[in-house]
Visitor: 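Structure provided below as structure tokens; questions to follow.
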Amino acid sequence: MIHFLKRAIADIRSNKFLNLITIITIALSILVISVFLLFFENAGRVIESWNQGGRAMIYLKEEFNADMLPQLKTKINSLGDIDKMVYISKAKALDTLKNSMASQTTFLKTLKENPLPDALEIKIRSYNNFQEVQTLAQNIKTIDIVDDIEYGQGWLGKFLKIFNLFKITGYAMCGFFFLMALFITANTVRLAFYSRMLEVEIMRLVGATETFIKAPFYIEGLIQGFLGGALGLGALLITYLMVSSGITQSLASYVYFDLRFLSVKMVMFIIFSSTFLGWFGCYLSLKQIFK
Amino acid sequence: MIRLFNVSKRFGGKLALKNISLDIEQGEFIFISGPSGAGKSTLLKILYLAENIFEGQVLIDGMNLSRISSSKLPVLRRRFGIVFQDFKLIPTRTVYENIALVLEAAGKKTSFIKKKVMQVLRSTGMEKKAKAFPLTLSGGEQQRVAVARAVVGEPSIILADEPTGSLDSTSARAILDFLIEYHKKGTTILIASHDLHLMKNTIQGKNIELNAGRIIRTDIML
């Protein structure tokens, strides 16, 4: 193994330019893919915070009384995967309103009766799919005692539709850049192979197995993929550190926007993918050459 | 050990070898002579399967070359030490690395490789050139490296295609003396060359003369 690693490093050194081009191409592709992923991760978090992590408020009709609560809870639980359910009586809702409005509550004292409805605040366990939330809300609304349900179906629904469309386009772009990097890696390996044709021929004639001949190329592919991935992520990190505070500050007056770098899990995934890309490009080329 | 039965080889419509039948025993010194285009190199290439499409049968140590699987091919080739007409040294690797390649391909340990390579470098007088690259060497030196690479794996058969072709008489003699030394250890040696005069003055063995792809004479050189 050490022999193959040494061989691969020596081959990279002897073909510096070709290898550098491949690493830079992989790095650029990874950078573009990572930008999309960074955007989706942050946008997803912002939407989650807007959506309050899958919270919905169920408003109950006038005729509701506390005795109906256990039966209602059971019914709602049977309709979907509910994580948490909190009953907010109309009296408690009014108190909360008074507390939140502090000094501006004088007009509330003039009210002859409490205009707020009884409500149930629910937290949906799986809320990433807006369609699922929508279906659950519609089912809850069919319960007689339920007057209305609020879950961000207005602007948030529309926004999510646009966001999902953008996400699909983003994934397609990621796929395109992945294929482009794969094609270039495969081509580099082919060029490297042909430039070492004499060496390969001699290896065969002195009794080298196919594995012995191919191994340095695979290691070269893995190194190219890994370095390309690391370089792409490095470039993204530098850019992020330079612009993140500026973006957060300029958006702070409009929305709460906590821009974060890719999660460790995502960074690992990107590095693994780019390393795999290097290997797979090599595999495709060698398969074609050795067939 | 090496048996050929009615071996023929065509390149397009042209017959390079026609009905060659041969029996070569372990430890023999075979000289294959004949003019250019006689089929000497083709015959050697068939033995190490650089030419793998031919008519007839070739058996090497009981292995039928027509039926050998691709996974067994490297094992077969490790039985041979091959000296190529054009040396076939890797220009981007040093003399040491070129020779070590044979042992690396056979999966030998680094310590063994180092010891063995230095040993053949000493015996070929190329010890001081271990770190040199082939293109910085003279033709004679390159051929000595090629011979060193051929013998380093201690093969049972050495195939040499025009090993003295491009060398002056002193260098040619040195190469042949080296091969003769290996022959004395029991290695079978097949040399293809057009230089019958040099061979007759140096080698004791069997001469197989080819012309236009046929064996026209077999005699013993004393």
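Bear in mind the structure is a predicted one, so any value in this text is a computation, not a measurement. Numbers restart at 1 for each chain; the letters A, B, ... are given by sequence-line order, proteins then strands.
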Visitor: Are any non-hydrogen side-chain atoms of Val206(A) and Ile82(B) less than 4.5 angstrom apart?
Guide: no

Visitor: Assess whether atom OH of Tyr283(A) is packed by more than 12 heavy atoms of other residues, nucleotides or ligands within 6.0 Å.
Guide: no

Visitor: Counting only heavy atoms from other residues, nucleotides and ligands, does the tally under 6.0 Å from CZ of Phe272(A) exceed 12?
Guide: no

Visitor: Should we say atom CZ of Phe17(A) is surrounded by more than 12 heavy atoms from elsewhere, each under 6.0 Å from it?
Guide: no

Visitor: Does atom CE of Met118(B) have more than 12 heavy-atom neighbours from other groups under 6.0 Å away?
Guide: yes

Visitor: If I compare all heavy atoms of Gly207(A) with all of Pro74(B), which pair ends up nearest, and what's the gap?
Guide: O-CB, 3.3 Å

Visitor: Less than 4.5 Å to any heavy atom of chain A: does that hold for the side chain of Phe80(B), its backbone, both, or neither?
Guide: neither

Visitor: With 3.5 Å as the limit, can you list every donor-acceptor pair between chain A and chain B, backbone and side chains included?
Guide:
{"residue": "Glu199(A)", "atom": "OE2", "partner": "Arg93(B)", "partner atom": "NE", "Å": "3.4"}
{"residue": "Glu199(A)", "atom": "OE2", "partner": "Arg93(B)", "partner atom": "NH2", "Å": "2.6"}
{"residue": "Arg204(A)", "atom": "O", "partner": "Arg77(B)", "partner atom": "NH1", "Å": "3.3"}
{"residue": "Gly207(A)", "atom": "O", "partner": "Arg78(B)", "partner atom": "NE", "Å": "2.8"}
{"residue": "Gly207(A)", "atom": "O", "partner": "Arg78(B)", "partner atom": "NH2", "Å": "2.9"}

Visitor: Are any non-hydrogen side-chain atoms of Leu198(A) and Ile90(B) less than 4.5 angstrom apart?
Guide: no

Visitor: Heavy-atom distance under 4.5 Å to chain A: side chain of Leu89(B), backbone, both or neither?
Guide: backbone

Visitor: Which residues in residues 174-189 of chain A have a heavy atom less than 4.5 Å from any heavy atom of chain B?
Guide: none

Visitor: Is Leu205(A) in contact with chain B via its backbone, its side chain, both, or neither, using a 4.5 Å heavy-atom distance?
Guide: both

